[in-house]
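One structure below.
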Amino acid sequence: MEKKPATPQLDMLFEVSWEVCNKIGGIYTVLSTKAKTLQKQNKDKTIFIGPDVWSAENPSPWFTECSVPGLSTWAKQAKLPKGVAVRVGRWEVPGRPIAVLVKFDGMYDVKDEFYGEMWNRFGVDSLHAYGDYDEGCAFAHAAGVVIESIVKKTDLAGKRTVAHFDEWTTGMGLLYVKWKLPKVATVFTTHATSIGRSICGNNKPLYDYLKGYNGDQMARELNMESKHSLEKAAAHNADAFTTVSEITATECEQLLERRPTVVTPNGFEKNFVPSAAKFEAERKEARTTLLKVATALTGCDFDDSSFIVITSGRCEYRNKGIDLFLDMCNELKSTNPCRNVVAFVMVPAWPKEPREDLKARLEGQDNATSALNEPVITHLLNNPDSDPIINRIRQAGFCNADKRVSVIYVPCYLNGTDGIFNKSYYELLIGADATVFPSYYEPWGYTPLESVAFGVPTVTTSLSGFGQWVLEAFENYFEECGVNVIGRGDSNYWDVVHNIAHSIEYLTCADDKTLKKIHKAAKATAAAAAWSNFIKYYDEAYEAALANVRKRK
């Protein structure tokens, strides 16, 4: 009897995202790490499609234009609309998958006609569009046209072909493929609903009142009608609809009025973690760098026994729980940590330049041992009066005179050229003793997953997809999984502050044997979240989408 293959084989998978070869946020991590597993599973049967927002003066550091058998020939012969052009090559991430970058300027000329077509066919209301809506839709429309051209010229129409679109920014592409290529299966993934994020960003309670919210009504109230309308239409018209966690699936069911076909949790690859032979040396170097900056800034002498805790992520003050992290640091002062705590807030804001006084001290030009002026921030800000993080640090009275608990705000993107640390985020993360990500709105949460990959224990909340996965897969304590998931809702803010403060206090007092056990458990948790374990959920979504195509036939 012939066995069914463990992995469904596709003739071609297109995946469209604004973050293909364009590093902006977490979706880049999702796709760039998933690529290696897709290549291993079905080599060169995936074509990633992203926006060509680059120039000769500013090329993408993640894309190499090169010859790809078959596809390069298509690109030379393709008759695309005026103002639409493509470049074929490889995405420079593990697995080096095929990538097509699309210039989409020409789609602005046919925008109104196209929006009218999408209204008539799918009810997408683009009338109230503003901001980045037109740009996202122009790219998505062009991506749909490119897929149509490839499918027709390479005879993929009647084969096992899937077009996968990520986020509302690609929704118009999905609807175009649905209209023009009914034999191609479509998959839509929302990594966070636009209206759910907006509800949270406007300081409205999402969870206690979720069952009472109507997505269309809230979109009108929050001026999100066009994005929400497009996202909802893409979700309803996709042959398979997915999201990244159960908490977001519930949100989709209520606000988009469709339950996802499959929950597809985000895996990742640990290729950024140093080998065992290099690990301790790189950890020591990171700690030396972090503590040197803390000492130079505050005038306090922080030795290697200091406890380093980090939070990071997008500058979403409430959604990412930065407010809660700062209040936790404030409460930690009234507990009894066994080691001096240095808390770094590594959140890119609107930085102006690195502090010259701090640079001078780090470079040995200033040997004074007193604290610098405002010893809580590493870079100057363009908007110091309106930045919520620095204002909360000031309001809480942090002046870092008492080195038992110090807070240091790093408001720049850590890419190795920031002028103070001159190391990437990963090169610094390895030096931490713990991380805290107390998110209020977090459909998945890569930051805690990255932390445990380095063996650094992390604290997160039950409102993150990663936190929910940990609760389902492990016993919830540090020694078991390297993670402590704190229950969070709309009404227990200060309980969460208190519980996280005591979690950090516990880690500061743990002995070496316990810390080694926690370190090992954290790495095991990261291994369990590898794409090799999670890719099966996408396979399930693709099979469901193809099954719907067969029904259409």
Side-chain angles (χ1 to χ4, degrees), residues 7-8 10 13-20 25-35 37-38 41-42 46 48-49 140 143 147 160-175 177-178 184-197 215 227-228 230-268 441-446 449 464-466 468-469 472 529 531-549 551:
T7 302
L10 300 178
L13 168 64
F14 298 95
E15 183 145 13
V16 183
S17 170
W18 188 259
E19 297 195 37
V20 169
I27 297 173
Y28 181 92
T29 306
V30 176
L31 304 186
S32 64
T33 57
K34 183 174 66 172
T37 300
L38 288 174
Q41 179 174 292
N42 215 355
T46 299
F48 285 99
I49 299 177
I147 291 172
R160 291 170 59 84
T161 303
V162 173
H164 185 175
F165 298 82
D166 292 276
E167 288 292 77
W168 72 265
T169 49
T170 67
M172 286 296 194
L174 182 144
L175 298 176
V177 169
K178 182 86 173 186
V184 171
T186 55
V187 176
F188 181 63
T189 296
T190 181
H191 297 262
T193 70
S194 58
I195 190 60
R197 188 185 293 278
K227 289 182 182 179
H228 171 70
L230 173 54
E231 184 175 33
K232 185 175 177 180
H236 280 261
N237 284 281
D239 291 310
F241 173 41
T242 84
T243 193
V244 297
S245 63
E246 184 59 38
I247 196 167
T248 314
T250 301
E251 180 186 328
C252 290
E253 189 171 16
Q254 181 65 30
L255 299 178
L256 299 181
E257 299 177 34
R258 181 181 177 184
R259 175 78 185 176
T261 315
V262 185
V263 171
T264 50
N266 289 332
F268 81 138
Y441 186 77
E442 189 69 86
W444 178 246
Y446 263 117
L449 184 48
S464 73
F466 174 75
Q468 285 195 333
W469 173 72
E472 293 170 2
W531 272 117
S532 57
N533 296 324
F534 284 173
I535 201 69
K536 62 185 179 183
Y537 300 109
Y538 280 102
D539 292 336
E540 185 180 343
Y542 298 151
E543 281 299 300
L546 288 164
N548 278 330
V549 170
K551 290 177 185 176

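The figures that follow rest on heavy atoms only: side chains count, while hydrogens, waters and symmetry mates do not. Since the structure is predicted, the reported quantities are computational estimates derived from the model, not experimental observations.
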Please determine, by modelled atom types, if [X] and [Y] share a side-chain donor-acceptor pair under 3.5 angstrom.
X	Y	value
E231	S194	yes
T248	S245	yes
T190	T243	no

How long is the gap from [atom1] on [X] to [atom2] on [Y], to the nearest 0.5 Å?
X	Y	atom1	atom2	value
I27	K34	CD1	NZ	10.5 Å
I195	Q254	CD1	CD	12.0 Å
L13	Y542	CG	OH	4.5 Å
H164	T170	NE2	OG1	8.0 Å

Compare every heavy atom of [Y] with every heavy atom of [X], then report the nearest pair and how far apart it is.
X	Y	value
L174	A234	CD2-O, 3.9 Å
T261	A544	CG2-CB, 4.0 Å
G171	A140	N-CB, 4.5 Å
A545	V187	CB-CG2, 3.8 Å
G445	F466	O-CB, 3.7 Å

Under 3.5 Å: donor-acceptor pair, side chain of [X], backbone of [Y]:
X	Y	answer
E253	R259	no
Y446	G267	yes
E167	H191	yes
Q468	I247	yes
D166	T189	no
N548	D239	yes
H236	L256	yes
E246	V263	no

Are [X] and [Y] packed together at the side-chain level, in the sense that at least one heavy-atom pair is separated by less than 4.5 angstrom?
X	Y	result
I147	F165	yes
I535	L38	yes
V20	E15	no
T186	N237	no
E251	Y441	yes
D539	Q41	yes
E540	T264	no
L175	L230	yes

| request: State yes or no: are the ring centers of W469 and F534 separated by less than 6.0 Å? | output: yes
| Short N-O contact, R160 and E543, less than 4.0 angstrom | yes
| task | Go through the steps for T33 and N266 under the test side-chain contact (heavy atoms from CB on, under 4.5 Å), then give the verdict. | result | CA-CA 10 Å; T33 57; N266 289 332; over 6 Å; no
| task | Hey, can you tell me if W531 and Y538 have their rings parallel, tilted or perpendicular (30° and 60° cut-offs)? | result | tilted
